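For reference, the structure discussed in these notes is given below.
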Amino acid sequence: MIKELIAQKTAEAIQNAAEKRELGQLKLEDVPELFAEKTKNPEFGDYSVNVSSLAKQARISPAQIAQIIKPYINFSEAEISTIQGFINFKLGNSILNGGISKIIKEHENFGGNNQGNSEKVLLEYVSANPTGPLHIGHGRWAAVGSSLANLLKFSGYKVTQEFYINDAGNQINNLGKSLWIRVCQELGFDIKFPETEEEGSKNYYSADYLVNVAKKYIESNKNKAEEFYKNNPEPLKPSDEIVNEMSGFAKAIMLKLQKDLLSKFKTDFDVWYSETSLHQSGEVEKTIEKLKSLDKLYEKDGALWFKSTEYGDDQDRVIIKNDGSYTYLTADIAYHYDKLQRGFEKLINIWGADHHGYVARIKASIQAMGKNSDCLEVLLGQLVNLIISGEQVRMGKRRKMLTLEDLIEEVGIDGTRFWMIMRSIDTTLDFDVDLAASCSDENPVFYVQYAHARACSILRTATTERMDQDNKTQLPPFISKEEFKQLINPEKFEKNTLEFLWKTKIDKEVESTKALILKLESFEDLIQTSAKLRAPYMIAKYLQELAKDFHYFYTFTRVLSADNDVTKARLILVNATRQVFLNGLNLLGVSAPDSM
RNA sequence: GUCCACGUAGUUCAGAAGGAUAGAACGCCACCCUCCUAAGGUGGAUGUCGGGGGUUCGACUCCCUCCGUGGACACCA
């Protein structure tokens, strides 16, 4: 990687200079890690290292420091110059050619690295309640989570993707009660959902998605439903048996719908972990016993409390309520403990910002269990604002809403994923539905996909017969399919074929070729950084930049020409570009069409 | 009141690890297809980086404070 190489060469130079006592009072152990970065202005060169930070320690001005270090840099493939505290590197062709050949040799693995060192990561995200359809907010975490999983895998982590099914508790009863009302309605009885809060409207899911579930239920259970009604003629007060029957049915249907939609949305979980199973297996009780034995629990006001304040939480938390039931937190503590018991070294959760208060509690529980709470990393993502007809629309499960499914239908899978991933999760996402739907041509995803398709098109044209426009005669392809295959064969790749990239003396051709190669080469660094920062949005941004560089190259540098050597060299470059687009889009779970 | 995130161009957003004249996309204006995909490219306009202090040779970036926006502060899930 060029960036690393330059930083390393510079670090060696500093060490050598310091050993020769050229850097004043500078002590090597005080030297901060220096990074190479792209220059702000191409006049300065391609990359630079800022050595100003050594000035204070050495008691020498930044400009002088740079001057002193420069002759110690052993890097013949680059032209080195200094301006103020910057050491600038202008890369020679051999370095650039090396960048391309690495892509050709590694093809679909190009960009990958082993920073994860096979660490076992459990990535938990979406984890919706099975009480209704997934909404747009879930869509954000699905897109971000699945691409983060791809990214981490590409960076050498062993990732398991998990969905925690919140299928226990009151809400499930409410779901059952709500379905029962819908079933009664479908049976023809005149029943309405409570409308006011006094009547308990909050305890019902009155959105119309349960109508279809009710229909489905009656399809196969009509007699049963009528029997239920006969014995329980008050639909607002169903028996436990009815509620259980209804919630079980609704839960299964909802979960199935969620699974199918996520799978269609290119979000595939390895494990679907049911909260109910956690209770049934006795894990929750075991966890309480464990905490009890560690003396982390106490009784107060008829409830059992966890001393989470001992670990930085701002108040203690109830584990068993005074009615004997568990809180949501109790199961969640057991769940996280179970993750660690299953052998995961790193737990990454993606949560909506509305759950941020939970982080301290869960971390406290992990610490109380005697583990290091740093193993849990919670990525808090800001929520999604829906904008319809220029107005913000608040989302609510029990009201009318735009579901993820509706959105996908309007915007498409690629567009929705790219849009959801594109922005840092730290910022609230304004999702303008009208814009995304009506002006879908302007969606940035098309810009990137078009660039990929364009690269494919050049490769296609190169290997197909063409018509001579003047004589109307058939001409052979620029290169035969077989020859092209050999040209980019990783095993037999000849780096010196790339020399012809630099045969041209046309400024725009040289400039656009070089810019494209540098961008392609930096993909490796991008992957490292975005994996480290858990930031898939950086990939989306990178791909837009790469598309821009490629379009620029395309405009000024003709690939297919009469000069066979130059054509071959440029075809290799185009193929490398295609490969990087493909690798990047795959990480995002966005398709890479060959033509558009 | 306490905690978290955010506040950068008309709009939506980048500016990890302090550093060279603060960037992109969309929108607006003017150009560019006899030629590999014009869903493209080139050029142009637009900024008190929320305000005020501080640390530093140097601050969009770090610290303090104030203002604004969103979210969280349950024996709900």
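Naming: A, B, ... by sequence-line order, numbering from 1 per chain. These numbers were taken from a predicted model, which means no experiment stands behind them.
If you check every strand for non-hydrogen atoms under 4.0 Å, A:D313 touches nothing. Heavy atoms of A:A353 sit under 4.0 angstrom from primed sugar atoms or phosphate atoms, though from no base atom. Using a 4.0 Å heavy-atom criterion, one finds that A:Q171 contacts the sugar-phosphate atoms exclusively. Using a 4.0 Å heavy-atom distance criterion, A:T463 is classed as making no nucleic acid contact. Residue A:A168 is classed as a sugar-phosphate contact, given heavy-atom separations below 4.0 Å to backbone atoms only. Using a 4.0 Å heavy-atom distance criterion, A:S561 is classed as making no nucleic acid contact. Residue A:S424 is classed as a sugar-phosphate contact, given heavy-atom separations below 4.0 Å to backbone atoms only. The residue A:D549 sits apart from the nucleic acid: no heavy atom pair falls under 4.0 Å. Base contact: A:D301 has a heavy atom under 4.0 Å from a base atom. Nucleic acid contact for A:T529: base, since at least one base atom lies under 4.0 Å from a heavy atom of the residue. Residue A:S52 is in base contact, counting any heavy-atom pair closer than 4.0 Å across all strands shown.
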So which protein nitrogen or oxygen atoms get under 3.5 Å of nucleotides 27-33 of chain B's nitrogens or oxygens?
from  : atom 1 : to     : atom 2 : distance (Å)
B:G27 : OP1    : A:E442 : OE2    : 3.1

Sort me out a list of protein N/O and nucleotides 5-8 of chain B N/O pairs below 3.5 Å, or just none if empty.
from : atom 1 : to     : atom 2 : distance (Å)
B:A5 : O2'    : A:Q382 : NE2    : 3.4
B:A5 : O2'    : A:D426 : O      : 2.8

Nucleotides 42-44 of chain B: which of its N/O atoms have a protein N/O under 3.5 Å away?
none

Tabulated below should be each protein N or O lying under 3.5 Å from an N or O of nucleotides 60-62 of chain B; please produce it.
none

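Rounded to whole angstrom, the span from the CG atom of A:L429 across to the P atom of B:A25 amounts to 20 Å. The interatomic distance linking A:R460 (CZ) with B:C36 (P) rounds to 13 Å, in whole Å. Per the geometry, CG belonging to A:L383 stands 17 Å off P belonging to B:U69, to the nearest Å. What separates CZ of A:R317 from P of B:A77 is a distance of 14 Å, to the nearest Å. We find that CG of A:L526 is positioned 14 Å from P of B:A16, with the value rounded to whole Å.
Between A:F306 and A:Y311, the ring-plane angle classifies as parallel under the 30° and 60° cut-offs. Ring geometry, A:W305 versus A:Y298: the interplanar angle falls under 30°, so the pair is classed parallel (tilted spans 30 to 60°).
With no hydrogens or angles considered, a side-chain donor-acceptor pair links A:N129 and A:Q171 at under 3.5 Å. Between the side chains of A:S591 and A:D414, a donor-acceptor pair is found at a separation under 3.5 Å. Between the side chains of A:H355 and A:N349, no donor-acceptor pair of N or O atoms lies under 3.5 Å. Counted by atom type alone, A:D332 and A:Y358 present zero donor-acceptor pairs between their side chains at under 3.5 Å. In summary, the side chains of A:E509 and A:T504 do present a donor paired with an acceptor at a separation below 3.5 Å, with no hydrogens or angles considered.
For A:H551, whose side chain is taken as the heavy atoms from C-beta onward, the closest listed nucleotide among B:A74, B:C3, B:G40 is B:G40. Nearest to the side chain of A:N129, among B:G41, B:A77, B:U37, sits B:A77.
A donor-acceptor contact under 3.5 Å is formed by the side chain of A:S48 with the base of B:A20. For A:N88 and B:A20, a side-chain-to-base donor-acceptor distance below 3.5 Å is present, hydrogens and geometry of angles not being considered.
The side chain to side chain donor-acceptor pair (under 3.5 Å) check on A:H551 picks up A:R454, with sequence neighbours excluded. Under the side-chain contact (heavy atoms from CB on, under 4.5 Å) criterion, A:D563 pairs with A:K503, A:S561, A:D565, A:V566, sequence neighbours left out. A:Y552 meets the side-chain contact (heavy atoms from CB on, under 4.5 Å) test with A:K508, A:E511, A:S512, A:F556; sequence neighbours excluded. For A:E275, there are no side chain to side chain donor-acceptor pair (under 3.5 Å) partners, not counting sequence neighbours. In this structure, the side chain to side chain donor-acceptor pair (under 3.5 Å) partners of A:T276, at least two apart in sequence or on a different chain, are A:D167.
Both tests do not hold together for A:K3 against A:F35: distance to the six-membered ring centre under 6.0 Å, angle to the ring axis within 45°.
Remark: the separation of the P atoms in B:A5 and B:U65 is 14 Å, to the nearest Å.
Formation of a donor-acceptor pair under 3.5 Å by the A:S373 side chain with backbone atoms of A:K363 is not found in this model. Looking at A:S480, its side chain does come within 3.5 Å of a backbone N or O of A:E483 through a donor-acceptor pair.
Residue A:Y205 places none of its side-chain N or O atoms closer than 4.0 Å to OP1 or OP2 of B:A77. Within the structure, a side-chain polar atom (N or O) of A:Y537 is placed less than 4.0 Å from OP1 or OP2 of B:G15. In this model, the phosphate group of B:A16 is not approached by any side-chain N or O of A:R534 to a distance below 4.0 Å at OP1 or OP2. Within the structure, a side-chain polar atom (N or O) of A:Y554 is placed less than 4.0 Å from OP1 or OP2 of B:A38. Taking only side-chain nitrogens and oxygens, A:T461 comes nearer than 4.0 Å to OP1 or OP2 of B:U37.
B:C33 adopts a syn glycosidic conformation, its chi angle falling within 90° of 0.
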Revision key, fill the gap. Writing each nucleotide of RNA chain B 5' to 3' as (, ), [, ], | or . by Watson-Crick or G-U pairing under 3.5 Å yields (((((((..((((.....[...)))).(((((.......))))).....(((((..]....))))))))))))....
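With a 4.5 Å cut-off on side-chain heavy atoms, A:T39 and A:F86 do not count as touching.
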Identify every side-chain donor-acceptor pair in residues 324-331 of chain A under 3.5 Å, counting partners at least two apart or on other chains, and give the distances.
from   : atom 1 : to     : atom 2 : distance (Å)
A:S325 : OG     : A:D323 : OD1    : 2.7
A:S325 : OG     : A:D323 : OD2    : 3.4
A:Y326 : OH     : A:E285 : OE2    : 3.4
A:T327 : OG1    : A:V318 : O      : 3.0
A:T327 : OG1    : A:L329 : N      : 3.4
A:T327 : OG1    : A:T330 : N      : 3.3
A:T327 : OG1    : A:T330 : OG1    : 2.9
A:Y328 : OH     : A:N166 : OD1    : 2.8
A:T330 : OG1    : A:I319 : O      : 2.6
A:T330 : OG1    : A:T327 : N      : 3.3
A:T330 : OG1    : A:T327 : O      : 3.4

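For the pair A:F35 and B:A17, the ring geometry does not qualify as stacking, because the centroid separation below 5.5 Å and plane angle under 30° are not jointly satisfied.
In the displayed structure, A:R460 atom CZ is contacted under 6.0 Å by more than 12 heavy atoms of other residues, nucleotides or ligands.
For residues 46-56 of chain A, the pairs satisfying salt bridge (charged side-chain N to carboxylate O under 4.0 Å, His left out) are A:D46-A:K514, with sequence neighbours left out.
Position along RNA chain B of the nearest nucleotide to A:N322 versus A:P62 favours A:P62 as the more 5'-ward residue. Remark on RNA chain B: of its neighbouring residues A:N170 and A:L54, the 5'-side contact belongs to A:L54, judged by nearest-heavy-atom nucleotide.
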